[in-house]
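Presented below is the structure to which this report refers.
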Amino acid sequence: MKRPKLRKASKRLSCAKRYKIQKKVREHNKKLRKEAKKKGVSKRVKKDPGVPSSAPFKEEVLREAEQRRLQVGNSSQVRTGLCYKSSKRFLCSELNKVIDASDVVIEVLDARDPLGYRCPQLEEAVLQRDGNKKLLLVLNKIDLVPKENVEKWIRCLQREFPVVAFKASVQIQDKTKRRIVASNEVLDRSRGAACFGNTGLTELLMSFAAKRQNEASLRVGVVGFPNVGKSSLINSMKGILACNAGVKRGITKCMQEVHISKTVKLIDSPGVVASPSNPPASLVLRSLQVEEGQESVLEAVRTLLKQCDKAQIMLQYNVPDFRNSLEFLTMFAKKRGFLQKGGVPNTEQAAVTFLADWTGAKLSYHCKIPEKHSLPAYLSDITVAEMQKGWDLNNLTTGNEETLKGTVD
C-alpha cells in the first residue's frame with residue numbers, strides 16, 4: 001500500500017506578519033523623509049510647464065531660451081577640455097610608435113576635402129625618419145564625390161606621392177570573425193556593403209614587398225585624422241572585423257597589427273591630434289573642438305552649414321528654407337521627433353545627429369582642386385622621385401581606373 005504524499009508547507013505569510021512588515025517599512029520611509037527634510041534635500045523635481053501653444057511669439061521665446069541655455073553650457077565646457085591634455089600626449093606617443101615600426105606609411109584622406117585632411121607635420125615626420133620609409137596616400141569615401149573631381153585630385157596629389165582610390169565597406173559586421181559576404185547581389189552592390197580598391201591596394205603592397213630584399217613582412221602603418229576610415233580600410237582589406245570602427249572619435253586607442261598576407265602586415269593607429277593653431281573652421285570640419293570640449297555642438301553645426309549647399313541640406317533632411325542654423329536644427333528636431341518636455345525641440349540632439357552624418361558618409365560635398373600647384377617646403381623633386389621608386393605605377397593607375405568605374409557614377 002502506497003503511503004500518501006505529504007503536502008509541502010505553504011510559503012505565504014500570515015496576514016499579521018505581512019501587515020507588521022508593511023508597517024515597519026512605512027515607518028522607515030517616514031524616518032528617511034524627515035531626515036532629508038531637515039537636511040534640505042528633496043527628490044521632487046519641479047515639472048517644466050513649457051510654452052503653451054496659444055502663447056504669442058512662441059517661436060521667438062523658444063529661441064531666446066535656447067540661446068540662454070547655450071551660454072550657460074559654454075561655461076561648463078572648460079573642464080572637459082582640461083582632462084583631454086594627458087590623452088593627447090598618449091595618442092601622439094602611440095602615433096610615433098606606429099611610424100617607427102612601419103616600412104610604409106599610408107595616410108588616409110577624405111576624398112571630399114583631401115587637402116584639409118592632410119597633415120604636413122605628419123608627412124614631414126615620416127620623411128625625416130631613418131630607414132627610407134615610403135609614404136602612400138589613400139583617397140577614401142570616393143563614392144561621395146563626382147568622378148571628375150576624384151580624377152583631378154588623383155592627378156594633383158600624384159605629383160607628390162602615389163595615390164590609391166578607395167571606398168571602404170561600412171556594413172555592420174559582428175565580432176564572430178566571419179567574412180564580409182552579402183546575402184544577395186543587390187546588397188553586395190549597395191552603398192554600404194560594397195568595397196572598391198581593396199584588391200588593387202593589396203596587390204600594390206604585395207608587389208612592393210616582393211621587390212624588397214628583406215625576408216621580414218612588410219609593415220604598413222595606417223594613419224590620418226579621426227573618422228577618415230582608417231579602421232574601416234583595414235577591415236575591408238582583411239575581410240573581417242579586425243579593428244573596431246565607428247563614427248565616434250577616439251575608438252582606436254593604441255596600435256594594433258593585422259596580418260593581410262604572409263608578406264604584408266597593417267598597423268592601425270589612433271587619429272592624428274590637430275594643432276590648436278589651425279583655423280577654427282578646419283578643426284570644426286573634423287568635429288575636433290566638439291570632442292575636446294572647446295566648442296558646443298550648436299556652434300559646430302553653425303560653422304558646418306556655411307560649408308554645405310543649402311539646397312542639398314534641404315533635400316537631404318526634407319526641411320524647408322531656413323535663415324540660420326538654429327532654425328534648421330529646430331525644424332530638423334521636429335522632423336525626427338527630438339522633443340523635450342512641453343514639446344520643445346531638442347536642438348542639441350539634432351546637432352549631434354547632424355555631426356554624426358557629417359563625420360560619417362551621409363553628407364556628400366567636395367572641394368575644388370587648387371589652380372596652382374607647388375610642392376610643400378618639406379618636399380623636393382628628389383624626395384618626390386624617391387617616393388615613387390619601388391611601386392608598380394602602371395598597375396596602380398589601372399587599379400584606380402577600375403575602382404572609379406565601379407564606385408563613382
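By convention here, the first residue in the shown sequence is residue 1.
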Thr397: partners by side-chain hydrogen bond (donor to acceptor under 3.5 Å, both in side chains), with sequence neighbours left out:
none

The single option from Val258, Val220, Val98, Ile234 that satisfies side chain to side chain contact (heavy atoms under 4.5 Å, CB included) with Ile267 is Val98

So which of Leu204, Val105, Val163 actually passes side chain to side chain contact (heavy atoms under 4.5 Å, CB included) with Leu136?
Leu204

Pair up each side-chain donor or acceptor in residues 21-28 with any protein partner under 3.5 Å, not counting sequence neighbours, and list the distances.
none

Please check if any side-chain donor atom of Ser236 sits under 3.5 Å from a side-chain acceptor atom of Asn198, or the reverse.
no

Find the distance between [atom1] ([X]) and [atom2] ([Y]) and round it off to the nearest 0.5 Å.
X: Glu348; Y: Thr353; atom1: CD; atom2: OG1; result: 11.0 Å
X: Lys141; Y: Arg112; atom1: NZ; atom2: CZ; result: 5.0 Å
X: Thr398; Y: Asp392; atom1: OG1; atom2: CG; result: 8.5 Å

Taking salt bridge (Lys or Arg N to Asp or Glu O under 4.0 Å) as the test, write out the residues that go with [X], two or more places apart.
X: Arg155; result: none
X: Asp381; result: none
X: Lys389; result: Glu386
X: Arg129; result: Asp100

Just so I know, are the side chains of [X] and [Y] near enough to count as touching, which here means a heavy-atom distance under 4.5 Å?
X: Val301; Y: Leu329; answer: yes
X: Gln388; Y: Pro162; answer: yes
X: Phe354; Y: Leu305; answer: yes

Which residues satisfy the side chain to side chain contact (heavy atoms under 4.5 Å, CB included) test with [X], sequence neighbours excluded?
X: Glu203; value: Thr199
X: Asn400; value: Ile154, Gln158, Val164, Ala165, Leu396
X: Ser261; value: Met206, Thr263, Val264
X: Arg12; value: Ser10

When you measure from the side chain of Lys133 to the backbone of Ser102, do you find a donor-acceptor pair of N or O atoms at a distance under 3.5 Å?
yes

Here the pair of heavy atoms bringing Tyr117 nearest to Glu107 is O-OE2, 4.0 Å

If you look at every heavy atom in Leu201 and Met237, which pair is closest and at what distance?
CD2-SD, 3.5 Å

Going by the ring-ring contact (aromatic ring centres under 6.0 Å, His included) test, which pairs reach into residues 201-222, not counting sequence neighbours?
Phe208-Trp391

Would you please name every residue forming a ring pair (Phe, Tyr, Trp, His ring centres under 6.0 Å) with Phe322, sequence neighbours left out?
Phe328

